[in-house]
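A short worksheet on the structure shown next.
In what follows, chains are A, B, ... by sequence order, proteins preceding strands, each numbered from 1.
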Amino acid sequence: MKPSIPKGTRDFSPVEVTRRTYIFDTIKRVFQKFGYQPIETPVMENLSTLTGKYGEEGDQLIFKVLNSGDFLSKADAKKLEDRNSKALTFEISEKALRYDLTVPFARYVVMHQNEIAMPFKRYQVQPVWRADRPQKGRYREFYQCDADVVGSESLLNEAEFVCIYDEALSNLGLNDFTIKINNRKILSGIAEIIGKPELIVDMTVAIDKLDKIGYDGVVKELIERGFNEQDVEILRPFIELSGSNEEKLQVLRSSLRSTEIGKKGIEELETIFSYLSAFELKKAKVELDITLARGLNYYTGAIFEVKSNEVQMGSIGGGGRYDDLTGMFGLKGVTGAGISFGADRIYDVMLDLNLFPESAVISTKVLITNFDANAEKYALPILAKLRAEGVNTELYPSSSKLQKQMKYADAKRIPYVILIGDEEIQSGQLTIKNMISGEQEKLAIESIIAKLA
RNA sequence: GUGGUUUUAGCUCAGUUGGUUAGAGCGCCUGAUUGUGGUUCAGGAGGUCGUGGGUUCGAGCCCCAUAUUCCACCCCA
């Protein structure tokens, strides 16, 4: 049979794993610097834990795991007879692959509430799965790098998220990216002013597309979603909001002064910006964007999204505050806020921009050639010595033709080759070749160690 | 889930209105060079043309189904 892998999944070869590890490590280091601690959760959750958390569309994108054993005989005969897949799902599947890291984290917090100290700051870097149709930058298996804090209302957390994005992405070499920030309460305030608070989701979905379909497109969609011409006129200044963050806030302050929730949202944003003024950002641009509405419906306060300005790509990160995430698991009144990095998309962006350091792909530093059984025996203690000094070293495992061994070193981009033949064994002076310059010299093992370690 | 697109050697791709034995570049292997890779030269191997059906005297090319790639929606990292 011809081997293949499921749609939307990928193999990662050594170079890619090295690069991905570099991304993960860079992000993790920043999380740790801000006081976040790692946890891990199972790849599978109970299906009931996940359903209903991501909306109806989200539920469809959850990969369900078939029950073990003779699951069909235990299933409801009527539902089976009706061939009703939706109704049958819960009869034959009680586990599912995790869809994101936030809901499993909420579950974790509730289950471990007695062991964790609030505020609890955790980070988590693990794969998630979505039964989506793959495209560029969209996979069915991909990694999320999440940092969330629960049990702290302080907007300092939000400000620090901006710093985390800035530091991590700057460290990865991105030069031009924008952290967009908005507040769900402002969107609620706008919906309130229009007098259609129940249509807030339709409103946000429509204005979120401003970038893509333009103002006229947004208006068309708003009308389709139940707004009239008057509503659109009220909305217009919000959608066309421009200028600096301070200028935008000023406009919002006056137009939202009649709504309590809107005012609260502005206040929160002001606090975040005020915190941010105490920090110096490296490369990030921070932009108040009223059209930013993406993300899950459970956001209640700040909303974040990060986009690269150098490469055409979907968002490379997102997050926000959710006031009652653990409520659905029975723990009320615990507020949370978090952000996520899309490592796979960051990888694609960095590849496009050629940002991976060359050193990230070197694995072996020196190869010892294998002339014959005698030379191999002579090389073993040298091999051990180099490794003891922390030098990544390998001995070619068989006495193949030297040409083959050199080719191997070249293909693996090993920068040094040590040649040991009868001559070297007699003199104790080993030949070391620099594969980049092509130069070679004879050195005692101590000098070689000094050179490589 | 809707609409379109891609698939030919290990990789990137040619392949004419359906017509003899399906090609190129790169890579790989062997030798020139039994102690030297990356350069050069000579030679060589490698293909059920994504898969399964169908039309035809004849299919890489036409038709149907299916998988896969990428793209636009929907939604999202």
Side-chain angles (χ1 to χ4, degrees), chain A residues 1-10 13 23 27 54-62 85-86 98-102 125-146 165 201 204-206 208-209 212-213 217 221 293-297 304-308 312-320 338-349 367-372 375 396 399-425 430-440 442:
Chain A
M1 68 170 274
K2 205 170 189 175
S4 63
I5 56 176
K7 186 198 290 199
T9 64
R10 297 154 296 161
S13 296
I23 293 176
I27 294 171
Y54 310 106
E56 205 171 314
E57 294 229 21
D59 282 356
Q60 287 189 318
L61 297 181
I62 295 171
S85 304
K86 255 184 190 158
R98 74 166 99 78
Y99 178 88
D100 71 358
L101 300 179
T102 310
V125 176
Q126 288 192 281
V128 303
W129 291 267
R130 294 184 188 177
D132 212 349
R133 189 174 287 206
Q135 291 180 29
K136 192 175 198 74
R138 174 181 280 194
Y139 308 99
R140 291 184 136 183
E141 177 185 61
F142 62 97
Y143 270 73
Q144 287 191 331
C145 311
D146 276 29
Y165 274 134
V201 171
T204 53
V205 167
D208 186 52
K209 294 180 183 167
K212 205 179 269 182
I213 59 181
E221 180 141 355
R294 297 189 153 222
L296 295 312
N297 285 325
F304 300 106
E305 178 172 280
V306 187
K307 296 194 88 162
S308 163
Q312 183 66 35
M313 177 73 68
S315 68
I316 54 177
I339 52 169
S340 181
F341 287 84
D344 299 84
R345 285 189 178 172
I346 293 171
Y347 182 99
D348 291 343
V349 168
L367 174 80
I368 304 173
T369 58
N370 191 328
F371 272 64
D372 50 35
Y396 199 85
S399 51
S400 311
K401 290 183 58 169
L402 193 56
Q403 180 177 239
K404 192 166 183 176
Q405 302 188 34
M406 297 300 284
K407 266 193 162 163
Y408 173 80
D410 190 56
K412 226 173 147 180
R413 295 212 217 163
I414 297 172
Y416 293 98
V417 173
I418 294 174
L419 296 103
I420 302 175
D422 292 340
E423 206 180 297
E424 284 82 0
I425 293 173
L430 311 181
T431 300
I432 178 163
K433 173 158 182 159
N434 181 326
M435 294 295 280
I436 295 150
S437 66
E439 290 165 4
Q440 59 185 55
K442 294 209 165 187

Using a heavy-atom cut-off of under 4.0 Å over every strand shown, decide if [X] touches base, sugar-phosphate, or nothing.
| X | answer |
| --- | --- |
| A:Phe341 | nothing |
| A:Gly318 | nothing |
| A:Val205 | sugar-phosphate |
| A:Gly8 | sugar-phosphate |
| A:Gly438 | base |
| A:Ile436 | base |
| A:Glu141 | nothing |
| A:Thr369 | nothing |
| A:Gln60 | nothing |
| A:Gly137 | base |

Checklist entry - Dot-bracket for RNA chain B: what is it, with Watson-Crick or G-U pairs under 3.5 Å, [ ] where a pair crosses earlier ones, and | for a pair to another strand? => result ((((..(..((((.....[...)))).(((((.......))))).....(((((..]....))))))..))))....

Item to check | Test side-chain contact (heavy atoms from CB on, under 4.5 Å) applied to A:Arg98 and A:Thr102, A:Leu101, A:Asp100, the passing residue | outcome: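 Among the candidates, only A:Leu101 passes.
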
Checklist entry - Are the ring of A:Phe142 and the six-membered base ring of B:A77 within the stacking cut-offs of under 5.5 Å and under 30°? => result yes

Pick the [atom1] atom in [N] and in [M], then give their distance to the nearest Å.
| N | M | atom1 | value |
| --- | --- | --- | --- |
| B:U48 | B:C70 | P | 24 Å |
| B:G50 | B:C11 | P | 13 Å |
| B:G3 | B:U8 | C1' | 27 Å |
| B:G4 | B:A65 | P | 11 Å |
| B:U51 | B:G58 | C1' | 22 Å |
| B:G27 | B:U69 | C1' | 23 Å |
| B:A9 | B:A22 | P | 14 Å |
| B:G10 | B:C63 | C1' | 33 Å |

Heavy atoms from C-beta onward define the side chain here; which of [options] lies closest to that of [X]?
| X | options | value |
| --- | --- | --- |
| A:Gln144 | B:G37, B:A77, B:C74 | B:A77 |
| A:Phe371 | B:G35, B:A77, B:U36 | B:G35 |
| A:Leu419 | B:C76, B:G35, B:G3 | B:G35 |
| A:Lys7 | B:C73, B:U36, B:U68 | B:U68 |
| A:Glu423 | B:G1, B:G35, B:C74 | B:G35 |
| A:Leu402 | B:G35, B:C74, B:A77 | B:G35 |
| A:Thr431 | B:G35, B:U69, B:A77 | B:G35 |
| A:Arg133 | B:G35, B:U2, B:C74 | B:U2 |

Taking OP1 and OP2 of [N], is either one under 4.0 Å from a side-chain nitrogen or oxygen of [X]?
| X | N | result |
| --- | --- | --- |
| A:Lys212 | B:C73 | yes |
| A:Gln403 | B:G37 | yes |
| A:Lys401 | B:G31 | yes |
| A:Lys307 | B:A77 | no |

Please evaluate the base of [N] for a donor-acceptor partner in the side chain of [X] within a cut-off of under 3.5 Å?
| X | N | result |
| --- | --- | --- |
| A:Gln440 | B:U36 | yes |
| A:Arg130 | B:C75 | no |
| A:Lys407 | B:G38 | no |
| A:Asp410 | B:G37 | yes |

Item to check | Pair A:Ser399-A:Asn370, side-chain donor/acceptor within less than 3.5 Å | outcome: no

Item to check | Donor-acceptor pair between A:Glu424 and A:Thr431 side chains, under 3.5 angstrom | outcome: yes

Checklist entry - What heavy-atom pair brings A:Met435 and A:Ala409 nearest, and what distance separates the two atoms? => result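 Of all heavy-atom pairs spanning A:Met435 and A:Ala409, the closest is CE-CB, 4.2 Å.
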
